[in-house]
Number of protein chains: 2
Amino acid sequence: MKRTIVSLDYEKDTEELARYAKALSHPTRIKIIRYLAEQSVCFTGDLVEYLPLAQSTVSQHLKELRDAGLITGKVDPPKIEYCINKENWDNAGKLFSEFFALPVKNNKCSI
Amino acid sequence: MKRTIVSLDYEKDTEELARYAKALSHPTRIKIIRYLAEQSVCFTGDLVEYLPLAQSTVSQHLKELRDAGLITGKVDPPKIEYCINKENWDNAGKLFSEFFALPVKNNKCSI
DNA sequence: AATGTTTATCGCAAATAAACGATAATTATT
DNA sequence: AATAATTATCGTTTATTTGCGATAAACATT
């Protein structure tokens, strides 16, 4: 894309919130998180069975969540055990709850 | 992209949450929401001044937020007055808070 | 040493997103 | 009717995302 020359910089909170939102911007990834919360722990294979997607695709979605810090994987050869990263999860929850707690007037653009 | 033949269907809540998350997945859009909450109401032009982006780009970000239902525009020729759509905003907030309220065990994958 | 199991990564194709400038649309004012 | 002001939309370019199959990597078991 035609990018602006100067790299725009945002507040740290803004960047962080957007990053978490991006990780959650695909329904499959929401499902993965819900599944992980329910199971508390699972292997990639469990998710591949659970989701109607190719193994490589599921692995990629897991990577997105990993990169955002929302989940963690522990090697248990040859499997990988995934779970929600509680610390970052709580941090994300806090950011979103603060964001939605912004005081917003009950207007419809002064209608 | 090579899409799966069968269109995947997700829970309604899952789709909705992902849609909101996607709308918030860009730092500029987070900034716009914050600005709107502060100002309560503003015109496209105000945001174009506020943001270091071209008018057409700002307009596009506004469209994303509009399409997701998070903001509403009222015509006040030749300007357009934008504000946060309180009803949908509250709905989104509820969905996120429920999502992050999922019971998650404090594990690091059984480490 | 060879095999099997599981998962990540690579390489590709198609779709979508992000940015821009240019143009169209809308309405008030002249 | 023409002009000015404001904003949305169009067309283009480039980057990123989503999906897949194929392959590589890691380790246990045979």
Side-chain angles (χ1 to χ4, degrees), chain A residues 1-10 14-15 18-32 36 41-68 71-83 109, chain B residues 1-10 14-15 18-32 36 41-68 71-83 109:
Chain A
M1 63 187 123
K2 272 187 221 153
R3 284 208 158 281
T4 39
I5 312 304
V6 216
S7 77
L8 314 187
D9 45 13
Y10 301 92
T14 303
E15 292 261 24
R19 214 161 43 80
Y20 285 131
K22 197 165 170 187
L24 298 174
S25 71
H26 195 288
T28 292
R29 296 198 283 269
I30 304 263
K31 271 194 104 165
I32 290 177
L36 273 176
V41 150
C42 78
F43 301 104
T44 307
D46 300 335
L47 282 161
V48 174
E49 260 184 73
Y50 176 60
L51 299 166
L53 293 167
Q55 180 266 321
S56 58
T57 306
V58 173
S59 198
Q60 213 168 330
H61 281 302
L62 287 170
K63 183 177 160 51
E64 298 276 332
L65 291 168
R66 241 188 300 131
D67 289 351
I71 67 174
T72 313
K74 197 190 86 178
V75 181
D76 175 16
K79 303 188 177 184
I80 301 215
E81 193 178 47
Y82 276 107
C83 70
C109 292
Chain B
M1 64 187 125
K2 270 185 221 151
R3 284 210 157 279
T4 40
I5 314 305
V6 216
S7 77
L8 314 185
D9 45 13
Y10 302 92
T14 302
E15 292 262 24
R19 214 160 44 79
Y20 285 130
K22 198 164 168 187
L24 299 174
S25 72
H26 195 289
T28 293
R29 294 198 285 270
I30 305 262
K31 271 194 103 164
I32 290 176
L36 274 176
V41 149
C42 78
F43 302 105
T44 306
D46 300 333
L47 282 162
V48 174
E49 258 184 76
Y50 176 59
L51 299 166
L53 293 167
Q55 181 265 322
S56 57
T57 305
V58 172
S59 199
Q60 215 169 329
H61 281 303
L62 286 169
K63 183 177 159 52
E64 297 276 332
L65 291 169
R66 241 188 299 132
D67 289 351
I71 66 173
T72 313
K74 199 190 86 179
V75 181
D76 175 16
K79 302 188 178 188
I80 303 213
E81 192 177 48
Y82 277 106
C83 70
C109 290

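Letters A, B, ... mirror the listed sequences (proteins, then strands); counts begin at 1.
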Spacing between [X] atom [atom1] and [N] atom [atom2], to the nearest angstrom:
| X | N | atom1 | atom2 | value |
| --- | --- | --- | --- | --- |
| D67(A) | dT17(D) | CG | P | 10 Å |
| H26(A) | dT17(D) | NE2 | P | 12 Å |
| L53(B) | dA8(D) | CG | C1' | 16 Å |
| L51(B) | dC20(C) | CG | P | 11 Å |
| Q60(A) | dG11(C) | CD | P | 13 Å |
| K79(B) | dA28(C) | NZ | P | 14 Å |

Item to check | Y20(B) vs L24(A) side-chain heavy atoms within contact, under 4.5 Å | outcome: no
Checklist entry - Does E64(B) get its side chain close enough to the base of dA17(C), under 3.5 Å, for a donor-acceptor pair? => result no
Checklist entry - Any donor-acceptor pair under 3.5 Å between the side chain of Q55(A) and the base of dA8(C)? => result yes
Checklist entry - With distance as the sole test, does D67(A) use its side chain to make a donor-acceptor pair with the main-chain N or O of E64(A) at under 3.5 Å? => result no
Item to check | Donor-acceptor contact below 3.5 Å, side chain S59(B) vs main chain S56(B) | outcome: no
Of the listed nucleotides ([options]), which one gets closest to any side-chain atom of [X]?
| X | options | result |
| --- | --- | --- |
| S56(B) | dG19(D), dA22(C), dT9(C) | dA22(C) |
| I80(A) | dT7(C), dT9(D), dT6(D) | dT7(C) |
| R29(A) | dC20(D), dT18(D), dA8(D) | dT18(D) |
| L62(B) | dA8(D), dG19(D), dT6(C) | dA8(D) |

Output yes when at least one side-chain N/O atom of [X] is less than 4.0 Å from OP1 or OP2 of [N], else no.
| X | N | result |
| --- | --- | --- |
| T57(B) | dA19(C) | no |
| K22(B) | dA17(C) | yes |
| Y82(B) | dT6(D) | no |
| H61(A) | dG19(D) | yes |

Checklist entry - Which atom names give the shortest non-hydrogen contact between R66(B) and I71(B), and what distance separates them? => result N-CG1, 3.7 Å
Item to check | Least distance between heavy atoms, A23(A) atom then R29(A) atom | outcome: O-NE, 2.7 Å
Checklist entry - Within the structure shown, what part of the strands sits under 4.0 Å from P77(B) by heavy-atom distance: base, sugar-phosphate, or nothing? => result sugar-phosphate
Checklist entry - Is T44(A) touching bases, backbone alone, or none of the nucleic acid, heavy atoms closer than 4.0 Å? => result sugar-phosphate
